[in-house]
Number of protein chains: 2
Amino acid sequence: MSYQGFTFVYIECADMAHLPEGASAHLRASPPEPSRKRLNTWQAIRAEVLRRIRAGEWPPGALIPTEQHLSVEMGCARATVNRALRELADSGIIQRRRKVGTRVAATPLRRTTLRLPAIRTEIEGMGAAYSYQLTECEARLPTPEAMRALQVDAQDPLLLVMSRHMADGQPHCSEAIWLNPRALATPDAVVFAVEPPQEWLARTLAVMQTSFSILAEPASGTCALNLGVEPGTPVLTIERVNSMDALPVSFARQFYPPKHRLIFDA
Amino acid sequence: MSYQGFTFVYIECADMAHLPEGASAHLRASPPEPSRKRLNTWQAIRAEVLRRIRAGEWPPGALIPTEQHLSVEMGCARATVNRALRELADSGIIQRRRKVGTRVAATPLRRTTLRLPAIRTEIEGMGAAYSYQLTECEARLPTPEAMRALQVDAQDPLLLVMSRHMADGQPHCSEAIWLNPRALATPDAVVFAVEPPQEWLARTLAVMQTSFSILAEPASGTCALNLGVEPGTPVLTIERVNSMDALPVSFARQFYPPKHRLIFDA
DNA sequence: AAGTGGTCTAGACCACTAA
DNA sequence: TAGTGGTCTAGACCACTTA
C-alpha cells in the first residue's frame, strides 16, 4: 500500500502468478519421476499456463489441453489443474465450457477485485489519523434519486445524515446517507454525532447486500463546503445501497475530491 | 444487464448465495441420514453460513465452528466446507487464520468483482452499434504522467493515439493511449484509423498484466471536444497501464461523460 | 452417445501461529 | 506443541453441450 500526496491504494487486483503458499506437499508415493519437472501446486500450474499463453504457445482464441491431459503432463491430480484453471477463468484470462473445453480469451475481459473498506480503515491504512464530523442530521422527504434507490414514495420521510471524514484533519471524504426508518430502527440523532453512520450500520445489521456505483459529478454546495473545494469541482462519487433481504435500508453517497484515485494494482 | 438512459451495467458483483450448479452429487453410500438435512454442495454450505451470520447466530467478530466441526454437522467432506468458507473469505464476509479459526468480519471490507470489458463489448452489450474514430496519431514526448506510467525519460519519443468510441453514433468514450515504441513494435499509424488501439494491443500481445486507476477530473480541451461537452465538465477517467513481464508498454486513459456509471450490482 | 468441465469424498501432509 | 486452515490426491458421479 502506498501514499503519495492525496493518492493512495485501497484496492487489490485479482491474484495472479503469486507464490505457492501451501506448496510442497506430496512426494509421498512419488513415481519414477519423468524427465519433466513435476508441478503439483495449483499456483505453479496457473503460472505455467499463464507463461504458455504469454509466450504465444497458446494464442488468443485457441483451445488448450483438457484437465485430464494437463494433469498427466504436469504430474498432478486433475482437481489441482481444475483449481488453477478456475482461478484463471475467474480472472477472465480463459473461458471454460463443458464438452467444448478451455479457450484462451480472445477478448480481454479482465476481472479484478475491488476492495471497499470502511472509510476509517481506508484513512488509517494510509497512516493518517481518522476523524469524523457530523454536518447535518434531520428527517427529510426523499430526493428522486433516494426514492429510486430506497424504493420509497415521495411522502415517506427519511433520515438524512451528512458528514465528513478527515485524514490528519484534512477533508478526505464527504458523505450523505439516507436511512429508511420503515426498514430500520433508526437511532437517536445524537448517536451520529460520534459514530459514523456506516459503522453504526455495520455494527447493527451485520452482513448486508450492498450494490455500488461509481461516477464523476460536479460538487454540490454542501459537498464542496465539506471538502473545501469550489462548487462544481469534479468529485468521484461512490454510491452504496445496503439491503437486508432485498429490502433497501440505506442509500449512501460518498464524495472524494479530484486527486483521489481508486487504484487496482496488479 | 440493464440500460436505462445513459446508465448501464458492466460490472458484476462477487457471487454470493447463488444456486448450486453441479449440485446433487453423492448420496451414494449415504449413512443412516441423521435428522438434520445433509448439505453437500459448497453453495448450500455458503448459503447456510451466510444465513446464520445474517440471522445474528454468529455476530460480527465472533468465531464460527471449525471446518472439521462444520463438515460433521452438515454431513459433508471438509474440502467442501473449505470451498464454501474460502468463497466467503474472498468476499470479505469472514476472515480466516490458521490456528485461530474463522471469524465473522467485524469491519465490512467488501470485495466485489470489477469486469472491465473492451469498449466495443461494453457498447454492444448495451445493444448499441459500435463505431470508432481516430482523432490523432503522432509521435510525442511524454507528459510527466506518461513518463511515470511508462517509466521512460522525457526525451523518449512515444506514440500518442487519441480516439473516440461511439454508441449509436453518440460519443460514449474518449480515449488517449501512449505507446512505448521501445517496448513494443508499434504499427504504422494507418492501422489505428480502422482498429482501436486496445484491440490491436490485445490481438498482438495476448495476455498482459494491467493495472487500473479510476478518478474524476475536469475534461480537457480534446476530451471535451471528443465527448461533445464543455471543457471542465467532470469526467470519469479510467487509466490502464498494460505491462509485459513488468515492462510497461502502454498507458491508456479513457474518459466517460458525467452520466456514465460503473455499476456493481449485487 | 460421448467428451469435457464441475463437484464431492476420504484421507493425508503441510504451514502457520497462539499458547 | 497443538490446533486450525491450506492444499494435494485418486477416484467417482454428475451436468452440460456438441455431435
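Lettering follows sequence order; numbering is per chain, from 1.
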Base, sugar-phosphate, or nothing for B/R83, non-hydrogen atoms under 4.0 angstrom? sugar-phosphate
Review point. Would you find a donor on one side and an acceptor on the other, under 3.5 Å apart, between the side chain of A/R111 and the backbone of B/R115?
Key: no
Smallest heavy-atom separation, B/L88 atom then B/V49 atom, equals CD1-CG1, 3.6 Å
Exercise for review: Check whether any side-chain heavy atom of A/L85 lies under 4.5 Å from a side-chain heavy atom of A/E67, and answer yes or no.
Suggested key: yes
Check your understanding: Hey, does the side chain of A/Y132 reach the backbone of A/F192 with a donor-acceptor pair shorter than 3.5 angstrom?
Key -> yes
From CG of A/N82 across to C1' of C/dC8 the rounded distance in Å is 12 Å
**Prompt:** Are a donor atom and an acceptor atom from the side chains of B/E122 and B/H172 found within less than 3.5 Å of each other?
**Reply:** yes
Atom CG of B/L85 and atom P of D/dG5 are separated, to the nearest Å, by 8 Å
* Side-chain N,O (A/T102) to OP1/OP2 (C/dG5) below 4.0 Å -> yes
A/E87 CD to D/dT7 C1', in whole Å, measures 12 Å
**Distance-only donor-acceptor test (3.5 Å): side chain B/R86, base D/dT7** = no
Closest of C/dT9, D/dT18, C/dC13 to the A/R97 side chain is D/dT18
note: A/E67, atom CD; C/dG6, atom C1'; distance rounded to Å ~ 8 Å
From CG of A/L88 across to P of C/dG6 the rounded distance in Å is 12 Å
Taken to the nearest whole Å, CG/A/N40 to P/C/dC13 is 15 Å
Separation of C/dG6 atom C1' from A/W42 atom CH2, nearest Å, is 17 Å
Between the protein and nucleotides 1-3 of chain D, list the N/O to N/O atom pairs that are separated by less than 3.5 angstrom.
unit_1 : atom_1 : unit_2 : atom_2 : d
D/dG3  : O4'    : B/K99  : NZ     : 3.4
D/dG3  : N2     : B/K99  : N      : 3.4

Output for pair (B/T121 OG1, B/E199 CD), nearest 0.5 Å, gives 7.5 Å
Rounding to 0.5 Å, atoms CG (A/N242) and CG (A/L150) come to a distance of 10.0 Å
### Query
OP1 or OP2 of D/dT7 less than 4.0 angstrom from a side-chain nitrogen or oxygen of A/Q43, does that happen here?
yes
note: B/Q95, atom CD; C/dT17, atom P; distance rounded to Å ~ 14 Å
